[in-house]
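The block underneath contains the structure these notes are about, expressed in structure tokens.
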Amino acid sequence: MGAMDINFQQYFLDHLTDLQNLIKIPSVYDAETITDEHPYGKGVSDALAYMAGLAQKDGFEVLNYDGHAIAIRTAPQDERIDIVSHLDVVEPGMGWSVPPFCGEVQNGRLYGRGSQDMKAPAFLTYLALKLIREKGLSLKKELRIVLGGDEERTMNDMFYYVSKAGMPSFAFTPDGFFPMAIGEKGSLMWRLSGKYDGIVSKMNCGVQCNVVAPTANALLKDNRYTAKLKELAAASNIPCTISEKENKTYLEVTGKAAHASAPEEGCSAAVALFSLLRECNDPLMDNLYRCFQDFYGRSVGIKTPTGDPAAYTMNLGIFRIENGICYGEVDARYPFGMSSAECTAKLAARCSLKLSLDYDSPPTMNDPKDPYVSTLLSVYREKTGDHSEPIISGGVSYSKVFGHCVAFGPAGPAEPLLAHQADESVSLDYAGKVLEIYYEAMKRIASC
């Protein structure tokens, strides 16, 4: 029986409740519940355990890599192909019209943090594997659905997995765009630190380094700037509430979350807050505004090799002030032809806080003539009629770990990128089509 005999849309809908239950698990990294059994906290472990239980109930062998990752596999073979996804999600943030872990369906879309990034894509690859097994297809290579628990922070989950399981012959991750992200920009993270003696008593901006800050608030040391700040906020149309607490001014700014690789889709509440406070004669607020007002790094002197400013992105995702100490986290994505040393030097020359480079992953690229790569691309084109070319993504996926790996869907012309945003959701109709693509792609690359 071929793919023509399968009603992919109905098959997905028949299993929708399982996906909804997965989305309802708040699998955010939680340092307070970390144990040897739960290396990334209980929520992440609960999500991995849920998928392991589902797969075992369906008759699959499941390998557990000490809580870092699980692998759901077909019969062992000399060669294997890994389809790698993550079940951890970023903090939900603010601005949702529905509870962020509701898993509800409204107007043909499934809502919830992780619905697009990336529980639904992971679940679709699992359904594709389940269909392959149910059809009794003969495979020449072992297929594994590998699910990790720390992609949004360090990817130590997948580094641990490959240290135990070894590298597969090929891998793809449904954590990007169609037709394919054949390569990825370099990615780095800086930590900012320093002492502070300005007008702010306490500040809290952002939810995660790789998310455009959706909220930012500050408590000032006194109330002398209350009237001025209200005038500035009104004049600049910044969504902001300003009040007084015990003769101290309190500001709360609302922005819009977005993935750090596409910061133009969001609006940084942190930068908006800096823009207000810099007018109150605070040198650090002025410096931070000047450094981070432009998502493309032009304000710190970044020039990309091709002249395209959007090839480089920079996002101050987290910034805190407490007890006279500053702490921040900056996410940057840089193209081929640039180095992390160059990027670091540019920011360090402008920023008055101390920088430390805590994460650096260089750009990656796969050969478009690679048989695995060309097979995936052929399947996508056959199923959609879209003959657009692969892209180089600003996202950071497990491709960084595996090397011989591409990001293959799910976002595309028919489905906007909503990762890390409020009201993250996925179309049910689109999910059925993506299931068909993954089924055919997995079947074909494991049979050649």
Side-chain angles (χ1 to χ4, degrees), residues 12-13 15-30 43-44 46-47 50 86-124 152 175 177 204-217 233 237-243 251-273 295 315 317-318 395 410-434:
F12 167 68
L13 293 176
H15 295 82
L16 178 57
T17 299
D18 292 330
L19 174 55
Q20 289 176 289
N21 290 335
L22 178 62
I23 288 173
K24 289 176 182 178
I25 301 171
S27 49
V28 180
Y29 173 83
D30 181 12
V44 173
D46 286 347
Y50 175 81
H86 64 88
L87 298 185
D88 61 310
V89 299
V90 297
E91 293 278 357
M94 307 294 289
W96 289 74
S97 64
V98 296
F101 295 106
C102 64
E104 292 180 5
V105 173
Q106 295 184 13
N107 300 318
R109 298 190 69 86
L110 173 62
Y111 284 81
R113 175 59 81 224
S115 55
Q116 190 178 92
D117 185 20
M118 63 173 306
K119 290 179 178 179
F123 188 76
L124 291 173
E152 295 291 2
D175 193 15
F177 302 85
N204 190 350
C205 305
V207 294
Q208 196 153 316
C209 182
N210 58 356
V211 180
V212 175
T215 58
N217 61 68
N237 293 317
I238 292 175
C240 179
T241 59
I242 301 174
S243 58
L251 301 87
E252 188 162 0
V253 178
T254 301
K256 180 185 176 184
H259 196 288
S261 66
E264 67 280 358
E265 299 290 332
C267 180
S268 173
V271 171
L273 180 60
F295 282 131
N315 173 62
I318 289 177
E415 184 71 1
L417 179 65
L418 299 172
H420 297 189
Q421 298 184 37
D423 284 347
E424 181 182 351
S425 62
V426 64
S427 162
L428 300 186
D429 288 343
Y430 186 73
K433 186 63 180 180
V434 172

Donor-acceptor pairs are to be reported for all side-chain atoms of residues 89-100 against protein atoms at under 3.5 Å, with residues two or more places apart or in another chain.
{"unit_1": "Trp96", "atom_1": "NE1", "unit_2": "Pro92", "atom_2": "O", "d": "2.8"}
{"unit_1": "Ser97", "atom_1": "OG", "unit_2": "Asp423", "atom_2": "OD1", "d": "3.2"}
{"unit_1": "Ser97", "atom_1": "OG", "unit_2": "Asp423", "atom_2": "OD2", "d": "2.9"}

Using distance only, find each side-chain donor-acceptor pair of residues 262-269 under 3.5 Å and give its atom names and separation, not counting sequence neighbours.
{"unit_1": "Glu264", "atom_1": "OE1", "unit_2": "Tyr296", "atom_2": "OH", "d": "3.4"}
{"unit_1": "Ser268", "atom_1": "OG", "unit_2": "Ala270", "atom_2": "N", "d": "3.3"}
{"unit_1": "Ser268", "atom_1": "OG", "unit_2": "Val271", "atom_2": "N", "d": "3.1"}

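- Side-chain contact check for Tyr111 versus Leu418: every heavy-atom pair is 4.5 Å or farther apart.
- Side-chain contact between Pro121 and Val434 is absent, with no heavy atoms from C-beta onward closer than 4.5 Å.
- The backbone N or O of Glu152 lies less than 3.5 Å from a partner atom in the side chain of Asp88, making a donor-acceptor pair.
- Taking the side chain as every heavy atom from C-beta outward, Leu19 and Phe12 approach each other to under 4.5 Å.
- Under the salt bridge (Lys or Arg N to Asp or Glu O under 4.0 Å) criterion, Lys256 pairs with no residue, sequence neighbours left out.
- With values rounded to the nearest 0.5 angstrom, Cys205 atom SG is found 7.0 Å from Asn217 atom CG.
- The NZ atom of Lys119 sits 10.5 Å away from the CG atom of Asn21 when rounded to the nearest 0.5 Å.
- Rounding to the nearest 0.5 angstrom, the gap separating the CG atom in Asp46 from the CG atom in Leu87 is 11.5 Å.
- Of the possible polar contacts, one joining the Asn315 side chain to the Cys209 backbone as a donor-acceptor pair under 3.5 Å is found.
- Side-chain contact check for Asp18 versus Tyr50: some heavy-atom pair is nearer than 4.5 Å.
- In this structure, CG on Asn204 lies 9.0 Å from CD1 on Ile318, to the nearest 0.5 angstrom.
- With values rounded to the nearest 0.5 angstrom, Ser427 atom OG is found 13.0 Å from Lys433 atom NZ.
- Taking the side chain to side chain donor-acceptor pair (under 3.5 Å) definition, one finds that Ser425 meets it with Arg109, sequence neighbours left out.
- A heavy-atom distance below 4.5 Å is found between the side chains of Asp175 and Asp117.
- Considering all non-hydrogen atoms of both residues, Ala272 and Ile238 come closest at O-CD1, 3.8 Å.
- Here Ile23 contributes atom CD1 and Gln116 contributes atom CD; the two are 11.0 Å apart, rounded to the nearest 0.5 Å.
- The ring pair (Phe, Tyr, Trp, His ring centres under 6.0 Å) test applied to His420 returns His259, not counting sequence neighbours.
- Under the rule for a salt bridge (Lys or Arg N to Asp or Glu O under 4.0 Å), the partners of Glu424 that lie at least two apart in sequence or sit in another chain are Arg113.
- Between the side chain of Gln20 and the backbone N or O of Gly103 there is at least one donor-acceptor pair closer than 3.5 Å.
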